[in-house]
Chemist: 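What follows is a single structure, and I will ask about it in a moment.
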Protein chains: 2
Amino acid sequence: MILLEGWAARAKDLPSGQRQFAEIHLPGDFTDLHSFTLKRLDHDVVSITPCLFAIVPHERLKAMTEKLPHLTRVYWFLTSLDAAIHREWALSLGRRSAISRMAHLFCELLVRLEIVGMTDGNSYEFPLTQVEVGESLGLTSVHVNRTLQELRRLKLIEVDNRRVRILDVEALKGAAQFDPTYLYLEKRDR
Amino acid sequence: MILLEGWAARAKDLPSGQRQFAEIHLPGDFTDLHSFTLKRLDHDVVSITPCLFAIVPHERLKAMTEKLPHLTRVYWFLTSLDAAIHREWALSLGRRSAISRMAHLFCELLVRLEIVGMTDGNSYEFPLTQVEVGESLGLTSVHVNRTLQELRRLKLIEVDNRRVRILDVEALKGAAQFDPTYLYLEKRDR
DNA sequence: CGAGCGGTTGAAACACCTCAACATTAGTGG
DNA sequence: CCACTAATGTTGAGGTGTTTCAACCGCTCG
């Protein structure tokens with residue numbers, strides 16, 4: 001499934017009902033390309049907003065691997081990029097503070113939304129609830145609320161009505177220790 | 001590089017020097033197969049013990065994608081499996097307690113070491129230092145030490161001299177909320 | 001024999017969570 | 001269009017899991 005419109009996420013659940021996102025999907029993302037090789041997914045793909053998907057049958061992908069090695073490598077690259085994002089998130093979850101993790105999420109989304117032309121300067125639509133931000137960052141929604149206030153107090157971002165405005169990109173990147181090389185922008189630009 | 005002997009890990013660093021592992025590599029693992037599509041890695045591959053590697057040149061992999069679509073899909077599957085492990089680790093880091101995370105790590109290693117015949121019943125060599133366990137679990141080495149003592153106190157594991165013995169596998173899996181489906185054992189058995 | 005690494009311990013600090021209440025916004029049916 | 005309800009966001013107080021810092025121990029290795 002290729003996400004054409006809307007936001008989605010890769011979510012894993014614990015028996016207790018706790019949920020953790022491993023990646024947020026934006027328009028243009030192939031949300032479950034890895035299911036071609038895995039056959040079955042180890043996680044859910046959940047919609048954050050209403051979504052529109054294009055469906056690519058696995059038989060078509062199999063035919064691609066038989067006849068189009070170059071395209072196969074490009075698609076393989078896409079799944080490797082998802083893994084790179086998972087690793088960066090693991091770094092966030094394991095080693096960054098709540099405020100740094102949140103700053104990092106806003107930086108990643110700014111860069112990725114710019115690629116697909118969904119930003120307006122340093123501002124973008126941000127449809128996640130605070131519960132969902134918590135599920136991305138491994139925090140409770142209560143702490144998300146307070147951390148968000150802290151980012152506002154530091155004049156790094158403004159949030160109102162499902163929209164984020166980044167007031168000081170460099171300072172936000174600094175707070176996040178954000179290094180976008182894990183997004184492999186150079187390969188996408190080609 | 002295919003790891004033939006020894007243990008290694010995928011590590012990411014923060015400018016502060018803090019380090020987080022995203023996966024532990026055991027003999028048989030293709031430690032950097034994703035570099036074939038990414039060209040450059042977003043992380044380090046670090047050795048935990050002295051290691052022996054086999055080298056596969058990227059030209060050979062490219063030739064594989066041109067002529068051996070089935071093998072290409074198998075190798076693609078291997079990189080998707082790494083991503084599945086990253087996701088499970090993200091779930092651990094975001095939502096599991098220290099003791100549950102540690103129990104989960106020991107469960108994962110038991111299953112993966114069994115596959116390559118490196119277990120002796122429910123016991124296996126475990127060469128990680130407590131600092132490295134902390135880098136896997138997003139904890140300080142001090143807390144690793146205390147959590148390890150707690151697992152011992154609960155009679156779930158014994159640790160001595162670089163070797164782990166799991167005393168109660170079912171109880172350990174319960175503490176970890178361990179569900180091995182993310183390791184895709186059924187695909188490896190074929 | 002000395003140095004360094006890995007492991008262990010205690011005390012204090014703190015980041016984040018829990019629980020509970022309440023405010024605000026959005027959605028739905030009448 | 002209003003009334004009702006549910007979902008989302010906000011706040012306070014208190015608790016707890018994990019970190020920090022510092023000291024010390026035992027082992028290995030040069």
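Below, read A as the first sequence line, B as the second, and so on, with proteins coming before strands; counting in each chain starts at 1.
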Chemist: I need the CD-C1' distance between A:Gln18 and C:dC17, as an integer number of Å.
Modeler: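 Taking atom C1' of C:dC17 as the reference, CD of A:Gln18 is at 11 Å.
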Chemist: Figure out the CD1/C1' separation between A:Ile48 and D:dA7, and round it to whole Å.
Modeler: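 It is 16 Å, rounded to the nearest whole Å.
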Chemist: If you compare every side-chain N and O of B:Gln130 against the phosphate oxygens of C:dT8 (OP1, OP2), does one of them come in below 4.0 Å?
Modeler: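 Yes, within the criterion.
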Chemist: What do you reckon, is NZ of A:Lys39 surrounded by more than 12 foreign heavy atoms closer than 6.0 Å?
Modeler: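 Atom NZ in A:Lys39 is packed in, count exceeds 12.
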Chemist: Hydrophobic clustering (ILVMFWY, side-chain heavy atoms < 4.5 Å, transitive) - are B:Leu109 and B:Val46 grouped together?
Modeler: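 Linked within one cluster.
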Chemist: Flag the pair B:Lys173 and B:Glu108 as a salt bridge only when some basic side-chain nitrogen lies within less than 4.0 angstrom of an acidic carboxylate oxygen.
Modeler: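 No, this pair does not count.
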Chemist: Can you tell me the distance, in whole Å, between the CZ atom of A:Arg153 and the C1' atom of D:dT10?
Modeler: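 Answer to the nearest Å: 17 Å.
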Chemist: List in numerical order all residues of residues 134-142 of chain A for which some heavy atom is under 4.0 Å away from an atom belonging to DNA chain C.
Modeler: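 Per residue number, the list reads A:Gly138, A:Leu139, A:Thr140, A:Val142.
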Chemist: Of A:Asn161 and A:Arg101, whose nearest nucleotide on DNA chain C comes first from the 5' end?
Modeler: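 Its nucleotide being nearer the 5' end, the pick is A:Arg101.
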Chemist: Does a salt bridge link A:Glu186 with B:Arg40, judged by any charged N lying under 4.0 Å from a carboxylate O?
Modeler: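 Counted as a salt bridge, because a side-chain N and a carboxylate O are separated by less than 4.0 Å.
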Chemist: Separation of A:Leu148 atom CG from D:dG9 atom P, in whole Å?
Modeler: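 Going from CG in A:Leu148 over to P in D:dG9 covers 9 Å.
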Chemist: By the salt bridge (Lys or Arg N to Asp or Glu O under 4.0 Å) test, which pairs, at least two apart or in different chains, include something from residues 10-27 of chain A?
Modeler: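 Salt bridge (Lys or Arg N to Asp or Glu O under 4.0 Å) check on residues 10-27 of chain A returns A:Arg10-A:Glu23, A:Arg10-A:Asp82, A:Lys12-A:Asp42, A:Lys12-B:Glu88, A:Asp13-A:Arg19.
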Chemist: Evaluate whether atom CZ of A:Arg60 has more than 12 neighbouring non-hydrogen atoms of other residues, nucleotides or ligands under 6.0 angstrom away.
Modeler: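 Counting other residues, nucleotides and ligands, CZ of A:Arg60 stays at 12 neighbours or fewer.
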Chemist: Report each atom pair, protein N/O against N/O of nucleotides 14-16 of chain D, whose distance is under 3.5 angstrom.
Modeler:
none

Chemist: In whole Å, what is the span from the CG atom of B:Asn145 to the P atom of C:dG10?
Modeler: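 Taking atom P of C:dG10 as the reference, CG of B:Asn145 is at 11 Å.
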Chemist: Check this one for me: any side-chain N or O of B:Arg162 less than 4.0 Å away from OP1 or OP2 of D:dC27?
Modeler: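 Result: no.
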Chemist: Fit a plane to each ring of B:His43 and B:His34, take the angle between them on a 0 to 90° scale, and name the class: parallel (under 30°), tilted (30 to 60°) or perpendicular (over 60°).
Modeler: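 Because their plane-to-plane angle is under 30°, the rings of B:His43 and B:His34 count as parallel.
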Chemist: Quick one: OG on A:Ser136 to CD1 on A:Ile24, what's the gap to the nearest 0.5 Å?
Modeler: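 One gets 3.5 Å once the value is rounded to the nearest 0.5 Å.
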Chemist: Among C:dT9, C:dC17, C:dG7, find the nucleotide with the atom closest to the side chain of B:Gln149.
Modeler: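 That would be C:dT9.
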Chemist: Which of these nucleotides, D:dT19, C:dG7, C:dC16, is closest to any side-chain atom of A:His143?
Modeler: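 So the side chain of A:His143 is nearest to C:dC16.
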Chemist: I need the CG-C1' distance between B:Asp160 and C:dG7, as an integer number of Å.
Modeler: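 Distance check: B:Asp160 CG to C:dG7 C1' gives 14 Å.
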Chemist: Regarding B:Ser97, tell me which of base, sugar-phosphate or nothing describes its non-hydrogen contacts under 4.0 Å with the strands shown.
Modeler: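 Sugar-phosphate: the residue B:Ser97, judged by heavy atoms under 4.0 Å, touches backbone atoms but no base.
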Chemist: Does the gap between the ring centers of A:Phe36 and B:Trp76 come in under 6.0 Å?
Modeler: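 Here the rings of B:Trp76 and A:Phe36 have centres that are less than 6.0 Å from each other.
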Chemist: In this structure, how many angstroms lie between the P atom of C:dG6 and the CG atom of B:Leu128, rounded?
Modeler: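 Taking CG of B:Leu128 and P of C:dG6, I get 12 Å after rounding.
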Chemist: To the nearest Å, how far apart are A:Leu93 CG and C:dA15 C1'?
Modeler: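 For the pair A:Leu93 CG and C:dA15 C1', the rounded distance is 16 Å.
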Chemist: Charged N to carboxylate O under 4.0 angstrom, A:Arg112 versus A:Asp29?
Modeler: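 Judged by the 4.0 Å cut-off on N to carboxylate O distance, A:Arg112 and A:Asp29 do form a salt bridge.
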Chemist: Of A:Val131 and A:Gly94, whose closest DNA chain D nucleotide lies nearer the 5' terminus?
Modeler: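 Looking at DNA chain D, the more 5' nearest nucleotide goes with A:Val131.
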